[in-house]
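Whatever order the structure lists ligands and atoms in, that order sets their numbers, starting from 1. Keep in mind it's a predicted model, so treat the numbers as computed, not measured.
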Amino acid sequence: MRQPLVAGNWKMHGSRESVVALLGALSTSVKCDAVDVAVCPAFVHLPQALELSASSPVSVGAQDCSAFDEGAYTGEVAAAMLADLGCEWVILGHSERRAYHHESDALVSAKLSAAIAAGLRPIVCVGETRTQRESGEAEAIVAAQLAGALAEHGNLAGLVVAYEPVWAIGTGLTATPEQAQDMHAYIRAELASIPGLDEQATRLLYGGSVKPGNADELFAQVDIDGALVGGAALVAEDFQAIVNAAA
Ligand code: PEP
């Protein structure tokens, strides 16, 4: 019922040369009849990535967008600009944006409005820090992030939520399949009270040190519908192996 999605977050990595190498490899190898596949390069690499993936099943997204439609916002990139370029997806509320750019749930919500208005498909990230998990607050933190970002929108059909425990991102630590499943089931239950979406149809991705070696057992969980992949998305064979595991 929910087609898996595997999205690669390339973060601030790469060069024009590496984009050619990575997308060249993925465009020929990725077979995704049963899984949606996306890559999210840095803004400056989006036109090149869109060109290289044009005749492949790989779709392209951005890692962020502005909350504003247009205007005097130096350094910002509008959702409509991304859509105009041909981007399909946009990642919003990544924990690195929340930590280094002080993005609040209200700002994530405003960006979500802009993304929806532009016709982009949003991937909204939520997740707790290690301290929050250890003090038993993980569910409350995630519930607040979901409510803060999602409550004010009329239509959230097609929304994707990525659960990314901050302590598992880029650390080599992964939530156990049971920890991830428990939180995904909790998120799905929370989504039932958010207007404008069908929680059973909403895809929930896990993110946090997903690798070929742990993808199978994560994807075997009933409420895990794919992955948002950081480090392993920069290695074509690893990303391909994760896509295969999702399929
Ligand atoms: C991410 O940044 O979204 C991520 C999940 O990174 P990594 O896979 O490297 O932990």
Side-chain angles (χ1 to χ4, degrees), residues 4-14 18 22 26 35-43 45-46 49 58-65 87-101 103 108 111-112 115 120-130 132-133 138 141-142 145-146 149 159-177 179-181 183-184 187 203-219 221 223-246:
L5 165 65
V6 176
N9 174 11
W10 292 2
K11 310 195 185 191
M12 198 172 71
H13 291 292
S18 71
L22 197 44
L26 291 178
V35 50
D36 292 336
V37 180
V39 297
C40 301
F43 286 130
H45 293 142
L46 286 172
V58 178
S59 56
V60 174
Q63 299 170 20
D64 184 32
C65 72
C87 289
E88 207 171 309
W89 301 93
V90 64
I91 299 171
L92 298 175
H94 191 279
S95 61
E96 288 151 14
R97 303 275 335 155
R98 293 177 189 261
Y100 305 137
H101 302 275
E103 290 198 4
V108 177
K111 290 185 174 194
L112 180 57
L120 296 173
R121 305 170 83 182
I123 301 173
V124 173
C125 302
V126 296
E128 81 286 356
T129 63
R130 185 176 200 137
Q132 290 163 338
R133 176 159 282 265
I141 293 294
V142 167
Q145 290 172 335
L146 290 170
L159 174 83
V160 175
V161 174
Y163 169 58
E164 299 207 306
V166 179
W167 47 272
I169 296 180
T171 58
L173 298 172
T174 318
T176 64
Q179 281 174 321
Q181 167 57 28
M183 185 59 92
H184 279 232
I187 290 171
R203 289 185 284 188
L204 306 183
L205 310 186
Y206 171 77
S209 299
V210 176
K211 307 253 179 302
N214 59 24
D216 274 329
E217 53 181 2
L218 287 163
F219 296 155
Q221 308 304 311
D223 285 298
I224 298 184
D225 307 314
L228 182 55
V229 185
L234 297 169
V235 181
E237 310 80 69
D238 288 358
F239 191 65
Q240 176 62 58
I242 294 168
V243 171
N244 291 345

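- Taking any N or O of Gly230, backbone or side chain, at least one lies under 3.5 Å from an N or O belonging to ligand 1.
- Heavy-atom contacts of Gly208 reach the following atoms of ligand 1: 5 (C), 10 (O) (cutoff under 4.0 Å).
- When non-hydrogen atoms are compared, ligand 1 lies under 4.0 Å from the side chain of Asn9 (C-beta onward) but not from its backbone.
- A donor-acceptor pair under 3.5 Å is formed between the side chain of Ser209 and the backbone N or O of Ala168.
- Protein heavy atom closest to atom 1 (C) of ligand 1, with residue, atom name and distance, is His94 NE2, 3.2 Å.
- Side-chain N or O atoms of Ser59 include none that pairs as donor or acceptor with a backbone N or O of Cys87 at under 3.5 Å.
- Under the 3.5 Å distance criterion, the side-chain polar atoms of Asp223 are left unmatched by any main-chain donor or acceptor of Gln181.
- Arg98 contributes a side-chain N or O that, together with a main-chain N or O of Gly93, makes up a donor-acceptor pair within less than 3.5 Å.
- Of all protein heavy atoms, the one lying nearest to atom 2 (O) of ligand 1 is Lys11 NZ, 2.5 Å.
- Comparing Ala162, Gly170, Gly231, Cys125 against atom 10 (O) of ligand 1, the shortest heavy-atom distance belongs to Gly170.
- At a 4.0 Å cut-off, not a single heavy atom of Lys211 sits close enough to ligand 1 to count as contact.
- Contact atoms of ligand 1 toward Ser209: 7 (P), 8 (O), 10 (O) (distance under 4.0 Å to a heavy atom of the residue).
- Between the side chain of Gln63 and the backbone N or O of Pro41, at least one donor-acceptor pair lies under 3.5 Å.
- Under a 3.5 Å cut-off, the side chain of His101 and the backbone N or O of Glu103 do not form any donor-acceptor pair.
- Of the protein's non-hydrogen atoms, the one nearest atom 3 (O) of ligand 1 is Glu164 OE2, 2.7 Å.
- Phe239 is linked by a ring pair (Phe, Tyr, Trp, His ring centres under 6.0 Å) to nothing, counting only residues two or more places apart in sequence or in another chain.
- Each of the following atoms of ligand 1 lies closer than 4.0 Å to a heavy atom of Ala168: 10 (O).
- Remark: the backbone N or O of Gly127 is paired with a side-chain donor or acceptor of Gln145 at under 3.5 angstrom.
- Taking any N or O of Thr171, backbone or side chain, none lies under 3.5 Å from an N or O belonging to ligand 1.
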